[in-house]
Amino acid sequence: MADPSSWHSQNMSDKSAVIDLGELENEQDIDAASEPDPKSKKSFGDDMRQRLTGNVTEMLWNSGKTQAKKAWSLYGNIDILRPYFDVEPHEVRQRLLFSLLPQKPSDQKQRVPRELYGPLMVVFTMIALLLFQMKTAEHKVEEGTLMGTAFGVCFTYWIGGAVFVWVLSYISNVHIALLQIMSMMGYGLFGPCIVLFLSTIIHTSHDHLFFYSLWAIFGGLSSLRMISIILSRTQGKSQRLLVCGVLAALHLLFLIYLHFAYHQIVEELSEVFDSKPVAQQPQAKLEDISATKVTESVKSVVEHAQNIVKRAVNDTLGNTRLGTNNTHAVKA
């Protein structure tokens, strides 16, 4: 007869075996459920791509929209500059004339308009005159063009000089704004424009006295006008001397630079005014003398060669005649 304890232990082992198999099946089901499906992976990647494309298109749309709004509001930005260019023609003409009429310095501040239309037109006029000088002088630019050089020179003086004078006046406690300095120096170029035009059209070949006289008259008047404005807005004496000296030197030296850097003496006009021979005639005579010497030497060489050829031909003819005579004598 079987032992009941052994039978009981066998039943318990069967039950535990059955329970273990069920647990294993449940764990396999859970692992299979937890593993991602490849189709779900593909759908997740497509979803991310769609979201990225949607975000990128939205960003591009927003940036284009903002740029369109800025372009549409450009008229409003132009309105900011309108007060500086809103001026009547008679006011510009009056300010051009007053730029050559210096006033006596006084305790009252001289009025300087915050206007840029007139100075800009004066700068464009100087650019045109400088181009005319360059073409007359046959000036050549290695890099760039004549137009770019003229624009660079004139605008560098106007804007760069105005900024330099403004910094100096700020240090020296001069009560003047940057726009007022730009307007003052722009209208101050009216005198140099007259000097450049007259010195280009009318110029003597022997000296620069005509240019220096125009430089002293028109350049000096425009410099005195700007100096009177600075004096009326400065309190200290040393500050006055510093700012006025720098401004006058900058203005007058720039005019000298424009004249001697891009100017050429017009000899046809100088002959009309001076009625003197041009200084290049002795060079022409020397060239003529050298040319005649060369032609004479060439002629002599050609004649000598012709003589040599003639002698050689005669010698050959003589030798042939002697040979024929000798052959006849032998035959006889």
Donor-acceptor pairs under 3.5 angstrom involving side-chain atoms of residues 165-178: please list them, not counting sequence neighbours.
residue: Ser169; atom: OG; partner: Val165; partner atom: O; Å: 3.0
residue: Ser169; atom: OG; partner: Trp166; partner atom: O; Å: 2.8
residue: Ser172; atom: OG; partner: Leu168; partner atom: O; Å: 3.0

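Contact record, Ser199 with Gln133: OG-NE2, 4.4 Å, taken as the closest heavy-atom pair. Taking each heavy atom of Gly148 and Thr145 in turn, the nearest pair found is N-OG1, 3.2 Å. Nearest heavy-atom pair across Leu146 and Met134 is CD2-SD, 3.8 Å. Closest approach of Ser99 to Arg225, counting heavy atoms only: O-CB, 3.4 Å. Residues Ile230 and Cys244 share a closest heavy-atom pair of CG2-SG, 3.8 Å. Residues Arg233 and Arg111 approach most closely at NH2-CA, 4.3 Å, considering heavy atoms.
Evaluation of the side-chain contact (heavy atoms from CB on, under 4.5 Å) rule for Phe164 yields Val246 as partners, not counting sequence neighbours. Evaluation of the side-chain contact (heavy atoms from CB on, under 4.5 Å) rule for Cys154 yields Val123, Met126, Ile127, Leu130 as partners, not counting sequence neighbours. Applying the side-chain contact (heavy atoms from CB on, under 4.5 Å) rule to Gln108 yields the partners Ser106; only residues at least two apart in sequence or on another chain are considered.
The CZ atom of Arg93 lies 11.0 Å from the CD atom of Glu88; values are rounded to the nearest 0.5 Å. Rounding to the nearest 0.5 Å places CG of Leu250 at 7.5 Å from CG of Leu253. Here the CG-CH2 distance, from Leu255 to Trp215, works out to 8.0 Å after rounding to the nearest 0.5 Å. To the nearest 0.5 Å, the span separating CG on Leu247 from CG on Leu252 amounts to 9.0 Å. Atom CG of residue Leu214 and atom NE2 of residue His259 lie 9.5 Å apart, to the nearest 0.5 angstrom. Summarising the geometry, atom CE belonging to Met184 is positioned 9.0 Å from atom OG belonging to Ser228; distances are rounded to the nearest 0.5 Å.
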_Between Phe190 and Ile194, does the side-chain contact (heavy atoms from CB on, under 4.5 Å) criterion hold? Intermediate values first, please._
CA-CA 7 Å; Phe190 178 63; Ile194 297 173; 3.7 Å; yes
*Please step through side-chain contact (heavy atoms from CB on, under 4.5 Å) for the pair Thr125 and Leu189, ending with a clear verdict.*
CA-CA 10 Å; Thr125 304; Leu189 290 174; over 6 Å; no
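Each side-chain hydrogen bond (donor to acceptor under 3.5 Å, both in side chains) pair with one or both residues in residues 179-198, not counting sequence neighbours, appears once here: Glu115-Tyr187. The list of side-chain hydrogen bond (donor to acceptor under 3.5 Å, both in side chains) pairs with a residue in residues 188-197, not counting sequence neighbours, is empty. Identified under the salt bridge (charged side-chain N to carboxylate O under 4.0 Å, His left out) test for residues 163-180, with sequence neighbours left out: none. Listed by first and then second residue, the side-chain hydrogen bond (donor to acceptor under 3.5 Å, both in side chains) pairs that reach into residues 234-254 are Tyr157-His251, Ser222-His251, sequence neighbours excluded.
Between Thr200 and Leu129, every side-chain heavy-atom pair lies at or beyond the 4.5 Å cut-off. For the pair Pro119 and Trp158, the minimum side-chain heavy-atom distance is below 4.5 Å.
Tyr84 and Val92 fall within the same hydrophobic cluster, defined by Ile, Leu, Val, Met, Phe, Trp and Tyr side-chain heavy atoms under 4.5 Å apart, directly or through other members. Tracing side-chain contacts under 4.5 Å through hydrophobic residues (I, L, V, M, F, W, Y), one reaches Phe124 starting from Leu96; they form part of the same cluster. Both Met185 and Phe155 belong to a common hydrophobic cluster when Ile, Leu, Val, Met, Phe, Trp and Tyr are linked at side-chain heavy-atom distances under 4.5 angstrom. Phe254 and Ile227 end up in different hydrophobic clusters when Ile, Leu, Val, Met, Phe, Trp and Tyr side chains are linked at under 4.5 Å. No chain of hydrophobic side-chain contacts below 4.5 Å, direct or via other Ile, Leu, Val, Met, Phe, Trp or Tyr residues, connects Met59 to Trp61.
By the 4.5 Å side-chain criterion applied to Ile, Leu, Val, Met, Phe, Trp and Tyr, Val56 is assigned to a cluster that also includes Leu60. Grouping Ile, Leu, Val, Met, Phe, Trp and Tyr by side-chain contacts under 4.5 Å, direct or through others, puts Leu101 with Phe98. Hydrophobic cluster membership for Leu97: none, as no Ile, Leu, Val, Met, Phe, Trp or Tyr side chain comes under 4.5 Å of it. As a member of the Ile/Leu/Val/Met/Phe/Trp/Tyr network built from side-chain separations under 4.5 Å, Leu224 groups with nothing else and remains a singleton.
Environment of CE in Met121: crowded, with over 12 heavy atoms of neighbouring residues, nucleotides or ligands closer than 6.0 Å.
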